[in-house]
There are 2 protein chains.
Amino acid sequence: MRSYGQYCALARGLDVVGDRWTLLIVRELLSLGPSRYADLQRGLPGIATNLLATRLREMESAGLVVRMQLPRPANVVVFALTPRGAALEGALRELVKWGAPTMSPPSAHEEFRAHWLQLPLRGLCRDNAPGSPPQVVRVGSLDDGCDIAVDGGSIEVAASTPTAEPAAVVDGDPGALVALFTGQLPIDAAASAGMISGDVEAVRRVVGGYPAGMPHLKEALP
Amino acid sequence: MRSYGQYCALARGLDVVGDRWTLLIVRELLSLGPSRYADLQRGLPGIATNLLATRLREMESAGLVVRMQLPRPANVVVFALTPRGAALEGALRELVKWGAPTMSPPSAHEEFRAHWLQLPLRGLCRDNAPGSPPQVVRVGSLDDGCDIAVDGGSIEVAASTPTAEPAAVVDGDPGALVALFTGQLPIDAAASAGMISGDVEAVRRVVGGYPAGMPHLKEALP
DNA sequence: CTGGATCCGGGAAGATACTG
DNA sequence: CAGTATCTTCCCGGATCCAG
C-alpha cells in the first residue's frame, strides 16, 4: 500500500494493515491458527488467488506473518501470525463490536463461515453456571465452527477440534445463528427450530445475551 | 468500496470504513470536532480534494457524518460525526496502540500535525497529582495542538482552545514530542532542549510514561 | 476565497487460466 | 496444493477548472 506519509500512529498502522483483505487474513489466522494456503482461501471467499499470495508476502515482510515448512507431512507449508500480528486482536475486536450493529440478516450473495463467529463470540459468551462441570458447546460443525469451552466461570472460544466432546451443537442458517447469540432469538425458539442438538441447558449456559456483551448495540445505530 | 460479500461483523464493518482515508477523516473529526472542508484538508496532507469530497459524501450516506449549514457566519458548511461515527473511537484507539510501536523517528517526507497526538495522548497521559488544582498543558500551538486538562485525577484531551490558559506549553520537533510522551525522552532533557515553556512541573504531572499507557510497546515489536 | 467537480494517467484489485 | 501469469476493471492520485 502506498504510505499516507503522516507521522501519526494511526496512519502508520494503516500503512501496514490498511490494505484490502489484510485484516480479514488476520481474522482467519487468529481463528484457525497456523493455516495452509488452501484453508485460507476457503475462509476468504471472494479473494483472488494472486491477491492472497501477494498479501501473505507483504504481511511476511511487515513481520505480521511467518511462512513455515513443516517437515511432516511431506513439506507442508503453513502460515502463522507472529506476536506482532496476533497483537491486532484488540483492534479486530473493536471493529467487530462496531460492525455488529449492522448484522441485519444476510443478503443472498453473502457467504458465511461459522468459524467467523469466533471473535464475536469471545465478547458475547459467558459462563452462566460457574459451578457446573466443564462443558463444550459447538457452533457450526467440526469442519467449520467454533468450540465454546466453559469451565468454572471462564470461557474460551477456539476453532472446532476433533478431541472436544461437545455437550451441544448449535447450527442453522447464518441469520438465525447470529440472532441467537445476540439475544434476538430466544433459545427455546432456536431449539424448536431444530438448531440445537444435544443438551439445550449447555447452550443456555453460554449464551450471554446481547446487553452484556454489546451494550452499545442499539444506541450506536445511525 | 466494493463489498467483501461476507456475512461477518468485521467484513461488514470494513465494507464501511475500509476505504482509503476514511479512518483518517474520522481521526480528524474526533480530534477537531465539527470541521470545515478546508480544515479537514489541512489535517489530511496528501489527500486529493476530489477524494475528500467523495469520502465525505460516502460517509454521509453511511451515517457516519452529517453535513450542516451553519446560518452564521455566512452559510458556513461544517462536517460532524454522528454518534455512529464517533463510536469508532474505540477501534481507532486500538489501532493507535498497535501502530505506536512503529513510531520510530519521522522520515523526511512525513508530515506532522500536533493535533494528531490527541488520541495517543488519551492513552498516555494521567494526573500524577490529583490533589493539585486544575491545570492545562498545551502540546503544540493554539493553531494546531492539544490541550491536556487535568482536574482531581481525571484527564481530558481536546483540541487547543483560546479560552484555555495553559500552565505549560510543550512543543518541538515531532520525534522529540513523541519520545517525550512515550517516556523515551526524560522531561528534564526536554526542558533543557527548550521544548517546554511555562511550568515544567505541570508537564511532569501529566506525562504518564510509557509503561502505564502502552504496556505492550516493546513485546509487540516484530 | 471556499467547496467542490472534471478529466486523465497509473497502479492496485479482480477474474481466470495455467503450472511445478 | 500452492501458487504464477495474464488480462481487465476500476479506484486512487494529481492537476486543473468552476460555481456561489
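So that the names make sense, note that chain A is the first sequence line, chain B the second, and so on, each numbered from 1. Only heavy atoms go into these numbers, but all of them, side chains included; no hydrogens, no water, no symmetry mates.
Protein atom CD of A/Glu58 is 10 Å distant from nucleotide atom C1' of C/dA12, rounded to whole Å. Between the CG atom of A/Leu52 and the P atom of D/dC1 there is a distance of 14 Å, given to the nearest Å. At whole-Å resolution of the value, CG in B/Leu51 and C1' in C/dG4 are 13 Å apart. Put simply, CZ on B/Arg2 is 13 Å from P on D/dC12, counting in whole angstrom units. Rounded to an integer number of Å, the gap from CG of B/Leu40 to C1' of C/dT2 is 13 Å. Atom CE of B/Met1 is separated from atom C1' of D/dC11 by 10 Å (rounded to the nearest Å). Rounded to whole Å, the distance from CD on B/Gln69 to P on C/dT2 is 16 Å. For A/Leu70 and D/dC1, the CG to P distance is 15 Å, given to the nearest whole Å.
Between A/Gln41 and A/Ser3, the one whose closest nucleotide on DNA chain D sits nearer the 5' end is A/Gln41.
When distances are taken from the side chain of A/Thr49 to each of D/dA2, D/dG3, C/dG4, the shortest belongs to D/dG3. The side chain of A/Arg55 lies closest to C/dA13 when the candidates are D/dG3, D/dA2, C/dA13. Side-chain proximity of A/Arg20 to the nucleotides C/dG4, C/dA17, C/dG14 is greatest for C/dG14. Side-chain proximity of A/Arg67 to C/dT6, D/dT6, D/dG3: nearest is D/dG3.
A/Ala48 comes within 4.0 angstrom of a nucleotide base, judged by non-hydrogen atoms across all strands.
Contact between the side-chain N/O atoms of B/Arg57 and the OP1/OP2 oxygens of C/dG4 is not found at any separation under 4.0 Å. A close approach under 4.0 Å does not occur between any side-chain nitrogen or oxygen of A/Trp21 and OP1 or OP2 of C/dA12.
Of the residues B/Val136, B/Asp147, B/Asp143, the one that meets the side chain to side chain contact (heavy atoms under 4.5 Å, CB included) test with B/Ser160 is B/Asp147.
Not a single donor-acceptor pair, N or O on each side, falls under 3.5 Å between the base of C/dG4 and the side chain of B/Asn50.
We find the CD-NE2 distance between B/Gln6 and A/His109 to be 11.0 Å, quoted to the nearest 0.5 Å.
Residues B/Cys8 and A/Arg113 form no side-chain contact, since every pair of their non-hydrogen atoms from C-beta on lies 4.5 Å or further apart.
Using a cut-off of 4.0 Å between Lys/Arg side-chain N and Asp/Glu carboxylate O, B/Arg42 and B/Asp39 are scored as salt-bridged.
A cation-pi geometry, defined here as NZ or CZ lying under 6.0 Å from the six-membered ring centre and within 45° of its normal, holds between A/Arg84 and B/Trp98.
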